[in-house]
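Okay, so here's the structure we're looking at.
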Amino acid sequence: MCLFEQKNYSFKMSELQKLHIKTPLLRSHELSLINSLNGFERNIFLKLDNCQPSGSFKIRGIGYLIQTHLEKNINLVVSSSGGNAGLAAAYASQQSNLKSLVLTPTTVLPSVVQKLKSYNADVMIYGDVWDETDRKAREICNENPLALYVPPFDHELIWKGNASLIEEIFHQLENLIPDCIVCSVGGGGLILGIIEGLIQTGWINKDIKIIAVETEGADCFNASIKAGLLVSLNEITSIAKSLGAKKCASKLLEYYDQFKGKIESIVVSDTEVVLTMEKFLDDHRYLVEPSCGASLVVAYNIDKYLGKNKFKNVVVEVCGGSSIALENFLDYKKRLIK
Ligand SMILES: Cc1ncc(COP(=O)(O)O)c(C=O)c1O
């Protein structure tokens, strides 16, 4: 758990102040070593967004969306995510002196409900699946013109806010240009922010690949690429529930076509994710969600997933996530590792 969480940041709201923190970019000794064993030296950098105050990268985009509406006389922030997006909305609202209502499906972890309440959010458990929950959230906003609906990923301002992570990496790496950036994909808000950041910094014109990682059973982007059109999954069967958008943002497919060859999609298994979560805990002392573990599977196996003697300098977005505790991890391990 992160140090910064303890601190109550009270920003002056005279201008758009950041609710997220600038997270460390750490060269991982362990991962660099593991991925240099065949003689091709690699540097693996970890962007530690698991240290963000709300527990994940989500505060970057959602914080930005909420702050850009502060002048607009809103009296309530409404989020339909019982996951990290909801936590980010609740945290950003508390920091901005706004009331928040977070609607969550019945599958929400009790620990997350507790955390949401600790940010003074009102919590409404509604619907067995997210689509139902989201419909209710929109209904509430339609009835209250002063309420701000905050979607989990599909909003231009969210992508713009998420872009801050690339701006930070751009400065943190100084003159070094990475060969690729690895990130997890749910609905696409994170990767769209990364693309936005590459555009803003001019890095989009450099030879930097974006590696989009999903898990089997939460792979709507990969399915859409294969089909050549936006595909909606029937159900989410992966343990990586935070990657469980049935359909990704249409903008992501647009960019996939526009920036031909820049984005590579990779799908990993839940079993690989759980094994990797354990390795990462041992090596770096962070317990992350399966959604984040997905990217780490690639980070631990660059030769296998990205090719031998390729990609010397790799940045991995450690997106974090709060829907995990030791008990959940041990349960995944019991179920998936024979
Ligand atoms: C920890 C974590 N990582 C990755 C993602 C995927 O982000 P996106 O839906 O923006 O693609 C999420 C989404 O909730 C998340 O909570």
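Both ligands and their constituent atoms are indexed starting at 1 by order of listing.
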Among residues at least two apart in sequence or on other chains, which ones pass side chain to side chain contact (heavy atoms under 4.5 Å, CB included) with F280?
L46, H284, Y286, V288, L296, Y300, V318

Taking 4.0 angstrom as the limit, do E156 and K251 come out as a salt bridge?
no

Among residues at least two apart in sequence or on other chains, which ones pass side chain to side chain donor-acceptor pair (under 3.5 Å) with T106?
D128

Salt bridge or not between K247 and D154? Use side-chain N to carboxylate O under 4.0 Å.
no

Given a heavy-atom cut-off of 4.0 Å, could you list the residues near ligand 1 in chain and number order?
F57, K58, N84, F153, V185, G186, G187, G188, G189, L190, S242, L243, S291, C319, G320, G321

Just checking, is any N or O donor in the side chain of S32 or N43 under 3.5 Å from an acceptor N or O on the other one?
no

Go through the structure and list residues passing ring pair (Phe, Tyr, Trp, His ring centres under 6.0 Å) with F40, not counting sequence neighbours.
none

